[in-house]
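Note sheet for the following structure.
For this chain, numbers begin at 1 and follow the sequence in order. Any value given below was found using the heavy atoms of this structure, including those in side chains, with hydrogens, waters and symmetry copies removed.
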Amino acid sequence: MKHSSDVKNTDKPLPIVVLISGGGSNLQTIIDRIADNTINAEICAVISNKPDAYGIKRAQKANIPTEIIDHSQYDSRESFDAELTRRIEKYQPELIVLAGFMRILSDDFVNHFYGKMINIHPSLLPKYRGLHTHKRALDAGDSEHGLSIHYVSAKLDGGPVILQKTVPVLENDTESSLAERVLAQEHIAYPQVIQWFSQGRLQLIDNQVILDK
Ligand code: GAR
């Protein structure tokens, strides 16, 4: 089966919705790369499941509409996801970008947006799905660590990988020094992938990622 991001679309900015839970440094680089015309996209809205996420302030500063859907006010994952679906669809995005969005999503939600939703994860998947990836790489004595950008599928951090970047682990690395170097690479890689989307260069066919077919 062929999925949507294959629409050739060179002029119109790609409408995207960004989901966050925290600081939003990846969101900031996307805002900045749109502003300097590196990415041909428009952020229609930033949605956070945490009312105090600093990324909301970044969006407001850039005059981007924001929405808070406080997950603690919902009695089930399904009811939260139903509201999230409703709010996302209001903006009719062609791409949903998870940028430090730290909620597990229900299978129905993920399947509904399959092929149109991407995530960035701070490890070289399939290694270290889930949390504390930098600590786990250090504890394992890995010589390399990194990041992955992938389509979101029903398997947590398990969807088809679009791009990975490796970062060497240095002898005196701590969790925070390693996280900082990975994050610096995230800020280069995520805009790159979003630009591929906006140029219609990515396709997902039978769960295989194809660039420039
Ligand atoms: C980033 O390192 C991102 O890869 C990670 O959260 C951080 C968010 O930073 N995401 C995950 O761990 C998802 N499983 P930011 O809010 O400054 O962009």
Side-chain angles (χ1 to χ4, degrees), residues 3-7 9-106 108-121 149-152 159 162 183 186-200 202:
H3 275 278
S4 60
S5 54
D6 49 352
V7 182
N9 191 349
T10 44
D11 298 320
K12 185 178 147 273
L14 181 78
I16 66 180
V17 165
V18 182
L19 307 190
I20 62 163
S21 300
S25 70
N26 277 291
L27 166 66
Q28 187 66 56
T29 58
I30 298 164
I31 292 171
D32 294 345
R33 294 295 78 77
I34 290 173
D36 67 16
N37 293 318
T38 308
I39 308 178
N40 184 25
E42 179 195 2
I43 304 177
C44 308
V46 171
I47 303 177
S48 173
N49 66 310
K50 294 251 181 110
D52 58 353
Y54 182 67
I56 287 293
K57 292 203 169 61
R58 297 181 189 270
Q60 286 165 343
K61 202 169 162 210
N63 291 316
I64 296 165
T66 58
E67 308 242 1
I68 310 281
I69 313 174
D70 182 351
H71 65 272
S72 68
Q73 303 300 308
Y74 292 79
D75 56 11
S76 69
R77 194 172 298 287
E78 285 67 27
S79 60
F80 172 84
D81 285 0
E83 181 61 13
L84 184 55
T85 304
R86 196 182 68 75
R87 304 266 197 117
I88 290 172
E89 287 189 333
K90 216 167 75 175
Y91 297 99
Q92 302 195 309
E94 285 176 29
L95 181 67
I96 300 151
V97 176
L98 273 49
F101 184 69
M102 303 305 277
R103 285 269 312 165
I104 291 177
L105 295 159
S106 60
D108 282 353
F109 178 91
V110 168
N111 292 334
H112 181 73
F113 291 113
Y114 189 61
K116 288 179 66 171
M117 183 158 58
I118 58 174
N119 182 43
I120 189 159
H121 183 76
I149 297 164
H150 64 94
Y151 285 97
V152 178
I162 302 168
L183 197 59
E186 293 185 34
H187 295 165
I188 297 166
Y190 222 4
Q192 168 78 79
V193 167
I194 296 167
Q195 179 60 353
W196 286 343
F197 264 92
S198 76
Q199 294 170 322
L202 276 171

Just jot down the side-chain contact (heavy atoms from CB on, under 4.5 Å) partners of [X], sequence neighbours excluded, or say none.
X      : result
Asp52  : Lys50
Ala82  : none
Thr85  : Glu89, Phe109, His112, Phe113
Gln195 : Ile39, Asn40, Ser198, Gln199

Name all residues meeting the salt bridge (charged side-chain N to carboxylate O under 4.0 Å, His left out) criterion together with [X]; count only those two or more places apart in sequence or in a different chain, and write none if there are none.
X     : value
Asp36 : Arg33
Glu78 : none
Arg77 : none

Mind checking ring-ring contact (aromatic ring centres under 6.0 Å, His included) for Tyr74 and listing every partner two or more places apart, or none if nothing turns up?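 Per chain and number, Tyr74 pairs via ring-ring contact (aromatic ring centres under 6.0 Å, His included) with Phe80.
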Results of ring-ring contact (aromatic ring centres under 6.0 Å, His included) for Tyr91 - residues two or more places apart only: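 Partners of Tyr91 under the ring-ring contact (aromatic ring centres under 6.0 Å, His included) test: none.
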Name each donor-acceptor pair under 3.5 Å that joins a side chain in residues 13-24 to protein atoms two or more places apart or in another chain, with its distance.
| from | atom 1 | to | atom 2 | distance (Å) |
| --- | --- | --- | --- | --- |
| Ser21 | OG | Asn49 | OD1 | 2.7 |
| Ser21 | OG | Met102 | N | 2.8 |

Applying side chain to side chain donor-acceptor pair (under 3.5 Å), can you list everything that pairs with Arg58, at least two apart in sequence or on another chain?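 Side chain to side chain donor-acceptor pair (under 3.5 Å) list for Arg58, sorted by chain: Gln28.
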Of all residues at least two apart in sequence or in a different chain, which pass the side chain to side chain donor-acceptor pair (under 3.5 Å) check with Asn111?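 None.
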